[in-house]
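Quick notes on the structure that follows.
Because the structure is predicted, anything quoted here is derived from the model rather than measured. Hydrogens, waters and symmetry mates are skipped; everything else that's a heavy atom, side chains included, is used.
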Amino acid sequence: HKVILYPMFAKNRRDERSSYVFDSLKESGVNTKIIYNLSNYENLNMYLEGTGSMVLDRVNKKLYASLSDRTDDSVILDFSKKMDYKPIIFSSYQTVDDKRLKIYHTNVMMSIGDNFAAVGFDSIDDIAERNMVYNELKNDNKEVISLTENQIEQFAGNMLLIKNNIQPILVMSTSAFKSLSNAQINKFETYAKIVHSNLETIEKTGGGSARCMLAEIF
């Protein structure tokens with residue numbers, strides 16, 4: 001399996017680039033090879049925090065990224081060139097104390113499945129950028145399911161489509177699930193079985209939810 005090391009904004013998360021992780025994978029029968037090490041960008045205070053900063057459409061080789069302190073456009077372009085992805089770069093915001101502040105990670109406000117995409121379009125304030133994201137997804141024949149800003153606050157954007165040997169499964173937190181309308185649930189269930197769990201403690205203290213706790217292996 002190919003591995004990329006990313007530049008992390010949070011200093012305590014840099015310790016995750018540990019040989020222990022790769023040794024543990026090897027003991028489990030998963031051999032890894034580091035193909036790119038982008039961590040030197042940390043010396044320039046430039047960051048790209050993996051699949052938090054980027055939502056990847058691996059089939060269509062597109063990279064969706066919302067700019068923030070943790071997601072730098074220069075590093076995005078470097079990754080895109082190395083991995084041959086088309087970058088779709090935009091800004092997304094949430095209202096905090098009556099101010100529009102940038103959302104820290106792209107995977108908080110959007111999730112891409114095989115045949116659908118859930119996106120918090122209300123958070124993309126620039127109309128041209130909003131239309132760009134929508135059109136890129138529609139051009140790939142994905143059903144676009146729009147999430148409200150309130151649903152994003154309940155971590156509905158932080159869902160992940162995974163697969164077992166039987167069926168696709170859409171994983172999310174219970175707070176995210178409860179925020180969805182019946183019509184949205186019905187749409188998601190045409191593509192996957194929904195599985196949700198109470199992640200209240202992690203959501204309140206960690207600032208992330210279900211997708212932030214999961215790593216994909218292809």
[X] vs [Y] side-chain heavy atoms within contact, under 4.5 Å:
{"X": "I88", "Y": "K62", "value": "yes"}
{"X": "V144", "Y": "Y134", "value": "yes"}
{"X": "D57", "Y": "L137", "value": "no"}
{"X": "M109", "Y": "V119", "value": "yes"}
{"X": "I76", "Y": "L67", "value": "yes"}
{"X": "N60", "Y": "K142", "value": "yes"}
{"X": "L199", "Y": "M213", "value": "yes"}
{"X": "P168", "Y": "D114", "value": "no"}

Using only heavy-atom distances, determine whether the side chains of [X] and [Y] contain a donor-acceptor pair under 3.5 Å.
{"X": "E203", "Y": "S209", "value": "yes"}
{"X": "S39", "Y": "N37", "value": "yes"}
{"X": "E136", "Y": "Y64", "value": "no"}

For this session: Can you spot which of F9, F79, Y6 makes a ring-ring contact (aromatic ring centres under 6.0 Å, His included) with Y47?
Result: F9
How close do [X] and [Y] get, heavy atom to heavy atom, and via which atoms?
{"X": "D72", "Y": "M46", "result": "OD1-CE, 3.4 Å"}
{"X": "S173", "Y": "Q154", "result": "OG-O, 4.1 Å"}
{"X": "Q151", "Y": "S146", "result": "OE1-O, 4.2 Å"}
{"X": "N158", "Y": "G208", "result": "OD1-C, 4.2 Å"}
{"X": "T205", "Y": "T201", "result": "OG1-O, 2.8 Å"}
{"X": "R130", "Y": "D122", "result": "NH2-O, 4.4 Å"}

Atom [atom1] of [X] with >12 non-hydrogen neighbours under 6.0 angstrom:
{"X": "R13", "atom1": "CZ", "value": "no"}
{"X": "K61", "atom1": "NZ", "value": "yes"}
{"X": "Y41", "atom1": "OH", "value": "yes"}

For this session: For the residue pair F188 and F116, categorise the inter-ring angle as parallel (less than 30°), tilted (30 to 60°) or perpendicular (more than 60°).
Result: perpendicular
For this session: Check the angle between the aromatic planes of H196 and F177 and answer parallel, tilted or perpendicular using the 30° and 60° thresholds.
Result: parallel
Drop me the distance from [X]'s [atom1] to [Y]'s [atom2], to the nearest 0.5 angstrom.
{"X": "N131", "Y": "K138", "atom1": "CG", "atom2": "NZ", "result": "13.5 Å"}
{"X": "I169", "Y": "I162", "atom1": "CD1", "atom2": "CD1", "result": "5.0 Å"}
{"X": "F22", "Y": "H1", "atom1": "CZ", "atom2": "NE2", "result": "13.0 Å"}
{"X": "S175", "Y": "N198", "atom1": "OG", "atom2": "CG", "result": "7.5 Å"}
{"X": "N135", "Y": "D140", "atom1": "CG", "atom2": "CG", "result": "11.0 Å"}
{"X": "Q184", "Y": "L147", "atom1": "CD", "atom2": "CG", "result": "6.0 Å"}

For this session: With E42 as reference, evaluate K11, R17, R70 under the salt bridge (Lys or Arg N to Asp or Glu O under 4.0 Å) test and give the passing residue.
Result: R17
Problem set entry | Contact list for residues 22-35, test side chain to side chain donor-acceptor pair (under 3.5 Å), sequence neighbours left out | none
For this session: Take T106 and F90 through the test side-chain contact (heavy atoms from CB on, under 4.5 Å) and record every step on the way to the result.
Result: CA-CA 10 Å; T106 311; F90 55 96; 4.2 Å; yes
Do [X] and [Y] belong together in a cluster built from hydrophobic side chains that touch within less than 4.5 Å?
{"X": "I194", "Y": "M159", "value": "yes"}
{"X": "Y85", "Y": "M132", "value": "no"}
{"X": "Y191", "Y": "L56", "value": "no"}
{"X": "I35", "Y": "M54", "value": "yes"}
{"X": "L44", "Y": "M8", "value": "yes"}

Exercise. What's the verdict on side-chain contact (heavy atoms from CB on, under 4.5 Å) for L63 and M83, showing C-alpha distance, side-chain angles and the deciding distance?
Worked result: CA-CA 10 Å; L63 177 169; M83 297 298 291; over 6 Å; no
Give a yes or no on whether the backbone of [Y] and the side-chain of [X] come within a donor-acceptor separation of less than 3.5 Å.
{"X": "D97", "Y": "K99", "answer": "no"}
{"X": "T71", "Y": "L48", "answer": "no"}
{"X": "S179", "Y": "A176", "answer": "yes"}

Exercise. How far apart are the C-alpha atoms of K102 and S91, what are their side-chain angles, what is the distance that settles it, and do they pass the side-chain contact (heavy atoms from CB on, under 4.5 Å) test?
Worked result: CA-CA 7 Å; K102 284 189 174 180; S91 294; 3.9 Å; yes
For this session: Determine the sole option in L160, V195, L180 for which the side-chain contact (heavy atoms from CB on, under 4.5 Å) test with M172 is passed.
Result: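 Filter result, single survivor: L180.
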Exercise. Taking it one step at a time, do N115 and E143 satisfy side-chain contact (heavy atoms from CB on, under 4.5 Å)?
Worked result: CA-CA 6 Å; N115 300 298; E143 179 173 8; over 6 Å; no
Exercise. Is R211 salt-bridged to E216, cutoff N-O under 4.0 Å?
Worked result: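 The answer is yes: the pair qualifies as a salt bridge.
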Exercise. Can you list the steps and then say if K178 with E200 is a salt bridge (charged side-chain N to carboxylate O under 4.0 Å, His left out)?
Worked result: CA-CA 12 Å; K178 287 182 176 178; E200 191 175 285; over 6 Å; no
